[in-house]
Structure formats: structure tokens, C-alpha cells
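For reference, the structure I am asking about is given below.
Atoms within a ligand are numbered from 1 in the order they appear, just like the ligands themselves. Just so we're clear, the structure is a prediction, and the values are computed from it rather than from any experiment. We use all heavy atoms of the structure for the numbers below, so side chains are in, but hydrogens, waters and symmetry mates are not.
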Amino acid sequence: MRTIDLIEKKKRGGELTADELTFLICGYTAGEIPDYQMSAFAMAVWFNSMTPAETAALTDAMAKSGDMVDLSRFGDLSVDKHSTGGVGDKTTLIVAPLAASLGCKVAKMSGRGLGHTGGTVDKLESIPGYRTVLSPEKFMAQVEKIGVAVIGQSGNLAPADKKLYALRDVTATVDCVPLIASSIMSKKLAAGSHSIVLDVKIGSGAFMKTKEDASRLAREMVDIGVACGRKITAVLTDMDIPLGHNIGNSLEVTEAMEVLRGGGPADLREVSLALASEMVSLTWQISPEEARRRAEAALADGSAFAKAKEWIAAQGGDTSVIEDPARFPAAPVAYEVKADCEGFIARMDTEAIGTAAMLLGAGRATKEDNIDPAAGIRLVKKTGDAVKKGDVLAVLYTADRAKIPGAEAKFASALTVTTDAPLTRALVEEIIRG
Ligand code: URA
């Protein structure tokens with residue numbers, strides 16, 4: 001087999017076989033196929049797309065390019081959840097212990113934040129003492145014992161995707177649905193769970209800005225999951241408004257714990273219940289309605305919160321901040337952003353709000369940047385709310401007062417205030433079950 005022939009075939013709209021795609025991925029991972037040939041392949045896919053069989057074969061080859069986590073000891077009970085990323089998205093902190101409190105086995109590997117989106121690992125590291133690195137033995141034993149463990153992604157999970165994603169980033173081939181779907185799903189397959197729930201975000205703070213694009217991506221990922229023998233559901237949820245009120249690491253842990261105690265913002269509770277219900281429904285093969293009843297009961301009777309404390313303690317985290325979030329170290333600067341006119345908040349550019357949080361120290365502009373766990377934004381008003389001149393719109397938190405003017409300007413640029421109240425959007429737009 002010659003790489004050039006495979007590029008030629010894809011360039012002319014042909015369908016590559018599983019063996020041909022495996023040849024490309026193995027050769028690329030081993031350093032035998034150079035970046036320039038893989039770039040040409042990615043661009044040919046960008047123009048000619050891939051058939052469902054090709055996408056599944058590419059995903060399978062990338063998943064098998066490195067470590068494959070073996071969760072077979074948990075039978076059908078292992079379940080994973082993945083979000084395509086957003087602003088204020090702290091649902092993993094809620095659904096992982098919630099699903100575990102209902103008997104699911106959540107052996108989860110999560111990522112760090114970059115740019116305007118946050119990452120679960122950064123949020124967890126804001127809890128003093130929490131360890132995001134565990135040996136494989138400790139990770140498995142914890143899942144066995146308490147039903148949940150959340151750690152950072154192992155360095156050798158889907159290395160082919162790591163290399164190809166970095167290449168796509170500099171060759172204008174990221175925005176290609178089969179390549180995105182195979183990239184995300186290769187990591188999910190390698191992470192080993194029997195059931196997978198995908199939270200595909202839509203809107204100004206999401207990777208996919210329109211419902212059509214999000215639906216297509218979700219459908220392709222569900223098809224890959226089914227083709228590779230997993231139980232899988234995609235939930236399409238709104239990310240045109242930040243989720244909840246808090247953006248930033250310890251601020252988000254605080255808000256997640258409010259939901260786990262049975263309170264918290266209605267939108268965050270609703271999206272978390274939708275995701276947890278699908279996780280429980282897939283795991284126990286029960287209707288989503290019955291799964292939701294169980295999830296609501298676990299929030300109401302304290303078992304989900306108790307499971308969260310057990311999980312955080314098992315990974316070395318200080319549970320006193322979970323019991324009383326006022327014990328989190330506070331940001332030295334808390335600055336109120338006030339409305340300069342009257343009306344309704346008609347729109348929030350959620351990506352710009354995520355960027356404002358990043359400028360305050362809550363996120364990273366580059367992978368090497370450090371995070372300030374206490375930095376971030378608390379939104380006092382959100383889309384649809386009426387505001388009067390002088391009302392507090394948000395509180396900006398940072399360790400460095402010099403960061404306020406830039407972050408405030410970014411935040412202000414994100415808001416559109418009009419005289420009429422905007423139409424509300426559905427929080428859960430669609431559910432695609434495999
Ligand atoms: N996230 C991924 O993991 N891969 C992509 O290609 C795009 C977003």
C-alpha cells in the first residue's frame with residue numbers, strides 16, 4: 001500500500017477501506033507517514049467527506065493507536081459523558097456523582113480548559129488536595145468501591161488523534177464533521193465505557209454555532225458509537241447563554257455543589273438532569289422518564305451530594321470546601337460591572353464572556369498558561385432579564401486589578417440590550433438515541 005495512492009483515491013471521492021485507513025493511522029502514529037501527506041489526506045476529507053463506514057473505521061484505528069482502558073470488569077455498568085465544550089459547563093461535577101449514586105460506574109478521564117472554554121480537570125484542581133493523577137490500579141479500585149473517579153487524560157490515549165488534531169489545527173481542517181466526530185469518539189472509545197452520553201452544545205459559546213451543524217455532528221458520533229458496539233445517546237443543549245451563573249474554577253465547583261444539594265440555577269439543574277437521566281437509562285436499560293425520577297430523588301434525598309463528598313475525599317480533596325464553599329480562597333479583587341442603560345438583555349455572546357473570564361485568570365490563552373482557581377465571573381443578569389441603569393450585571397473576580405479594564409471591556413462587548421424581551425430558547429434542543 002502507498003500513502004500517495006490513498007490520498008489520490010480520497011481526492012477523487014473514492015471510499016477508503018478499513019485496512020487502508022488503518023494503514024494511514026498506524027503509519028502516521030509511527031512517524032512513517034509525514035505531516036505533509038497527512039495534511040493532504042485531511043484536506044481531501046475536508047472536500048469529499050467520508051462515508052459512515054469510513055468514519056467508523058478511522059475512529060476505530062485512532063482509538064487503537066494507544067492505550068485502550070479495559071473496563072470490562074464493570075460489565076454493562078460503565079458509563080461516560082462528554083461535552084463538546086462551553087462556558088460555565090460544570091455538568092460533569094454533577095452528573096458523575098449523581099449517576100454513581102444510582103449504581104453506574106463512572107471511570108472518567110477529563111481535559112483541561114483552553115481559550116474561552118473551561119476544563120473539568122482545572123475545576124477539580126481548585127479543590128485543595130484533589131489529585132487528578134491516579135495509578136491505573138487506584139483508579140480502577142476507586143471506581144469499584146465508590147462508583148466514580150475523575151482524572152486527567154492519560155498521555156497515551158488515542159495518540160494518533162493528538163497528532164492529527166494538532167496538524168488539523170494548522171492546516172485549516174478542524175471544521176470538518178467526520179474528522180471532529182472521529183477525533184472525539186476515538187478518545188471516548190479508548191476510555192473504555194460501555195455506554196456514552198454526549199452533550200453536544202449549540203450556540204455562541206459552542207464549537208457548533210447552529211442546530212444543523214450540531215445535529216449532524218451528534219448523528220455522526222452516535223453512528224460511530226453504534227458501529228463500534230457502544231450504547232450511546234447525544235443530547236443537544238443550548239450554549240448560546242453561559243450555563244448557570246458562575247464561570248471560573250472554584251466558582252463552578254461551588255455552583256455544582258448547590259445543584260447536588262438539590263438547589264442551584266434552574267438551567268444547570270435541568271441540563272444535568274437531562275444528561276444524568278440518559279446515563280442511567282442506558283446503564284440500567286430503563287426508560288428516560290424512570291431514570292429521571294431516580295435522578296431527581298437522588299438530588300432531593302442527599303445521596304448524590306453524599307456520593308460527591310465520598311468521591312472528592314477518595315481523591316484527596318478537602319471536603320470542607322464542598323460542605324462550605326465560603327472556605328474556598330477568595331479572589332482579592334471583586335469588581336461589579338453595572339448597566340449603563342435600561343432594557344432587556346437580548347443576547348450574550350457566550351464565547352466573548354468565556355474570553356473575559358480567561359482574561360481575569362480563570363482560563364488559558366495557551367496550553368502553558370497558569371490558572372487562577374479563584375478568578376472568574378458571577379453573572380447576576382442573563383439573557384431575558386430586565387435591567388435598569390446602575391444594576392449590577394456581573395461580578396468579576398481576579399487576583400490582579402490590572403486585568404479588570406480589559407475583561408470589563410470584553411464582557412461589555414458581549415451583551416446586547418434591547419427594549420423588547422427576547423424569545424426564550426429550549427435548553428435541550430434534541431436527543432438522538434443510538
Ligand atoms: N474536539 C476534539 O476533541 N476534536 C476535534 O476535532 C474538535 C473538537
Side-chain angles (χ1 to χ4, degrees), residues 21 24-25 28-29 35 38-39 41-47 49-50 54-56 58-67 69 80-87 89 91-92 108-122 152-193 196-210 213-225 228 230 232 234 236-237 239 350-351 354 363-364 367:
L21 287 160
L24 281 176
I25 292 303
Y28 186 52
T29 313
D35 279 351
M38 212 56 189
S39 312
F41 166 72
M43 192 57 87
V45 173
W46 194 96
F47 277 105
S49 194
M50 289 203 291
E54 281 179 304
T55 312
L58 176 70
T59 310
D60 187 56
M62 290 205 296
K64 290 177 178 155
S65 65
D67 297 340
V69 181
D80 200 354
K81 168 254 168 195
H82 176 82
S83 162
T84 55
V87 177
D89 179 9
T91 54
T92 293
K108 184 144 182 54
M109 293 188 184
S110 287
R112 294 188 181 278
L114 186 62
H116 73 281
T117 60
T120 299
V121 166
D122 298 321
Q153 203 168 289
S154 121
N156 199 33
L157 204 76
D161 170 64
K162 196 170 179 188
K163 221 174 150 186
L164 183 56
Y165 193 12
L167 186 71
R168 286 165 53 216
D169 206 23
V170 292
T171 55
T173 49
V174 168
D175 58 338
C176 171
V177 169
L179 293 180
I180 300 171
S182 57
S183 165
I184 293 173
M185 286 302 295
S186 64
K187 288 170 282 210
K188 292 291 107 185
L189 295 182
S193 285
I196 301 166
V197 172
L198 303 166
D199 180 5
V200 182
K201 303 282 186 198
I202 315 166
S204 58
F207 203 64
M208 295 287 147
K209 307 289 181 205
T210 66
D213 287 348
S215 251
R216 192 174 157 219
L217 176 63
R219 170 55 62 199
E220 291 215 11
M221 291 196 288
V222 167
D223 287 348
I224 294 169
C228 296
R230 308 296 167 105
I232 182 161
L236 278 71
T237 67
M239 188 37 74
T350 299
E351 182 168 338
R364 301 180 181 80
K367 280 185 187 151

All side chain to side chain contact (heavy atoms under 4.5 Å, CB included) counterparts of Ala61, not counting sequence neighbours
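Partners of Ala61 under the side chain to side chain contact (heavy atoms under 4.5 Å, CB included) test: Thr22, Ile25.
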Taking only heavy atoms of the protein into account, state which residues are under 4.0 angstrom from an atom of ligand 1, in chain and number order.
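Within 4.0 Å of ligand 1, protein side: Tyr165, Arg168, Ile180, Ser183, Ile184, Lys187, Phe207.
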Listed once per pair and sorted, the salt bridge (Lys or Arg N to Asp or Glu O under 4.0 Å) pairs that draw on residues 176-189, sequence neighbours left out:
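Checked against salt bridge (Lys or Arg N to Asp or Glu O under 4.0 Å) - neighbours excluded - the pairs reaching residues 176-189 are Asp80-Lys188, Asp161-Lys187.
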As a test of understanding, state which of Thr171, Asp175, Thr173 forms a side chain to side chain donor-acceptor pair (under 3.5 Å) with Trp46.
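Of all the options given, the one that passes is Asp175.
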May I ask you to decide whether Asp60 forms a salt bridge with Lys64, counting only side-chain N to carboxylate O separations under 4.0 Å?
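Salt bridge flag = yes for Lys64 with Asp60.
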So, are Lys163 and Asp35 salt-bridged, with charged N and O less than 4.0 Å apart?
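Judged by the 4.0 Å cut-off on N to carboxylate O distance, Lys163 and Asp35 do not form a salt bridge.
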What residues, two or more places apart in sequence or in another chain, satisfy side chain to side chain contact (heavy atoms under 4.5 Å, CB included) together with Arg230?
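Applying side chain to side chain contact (heavy atoms under 4.5 Å, CB included) to Arg230 gives Leu189, Ile196.
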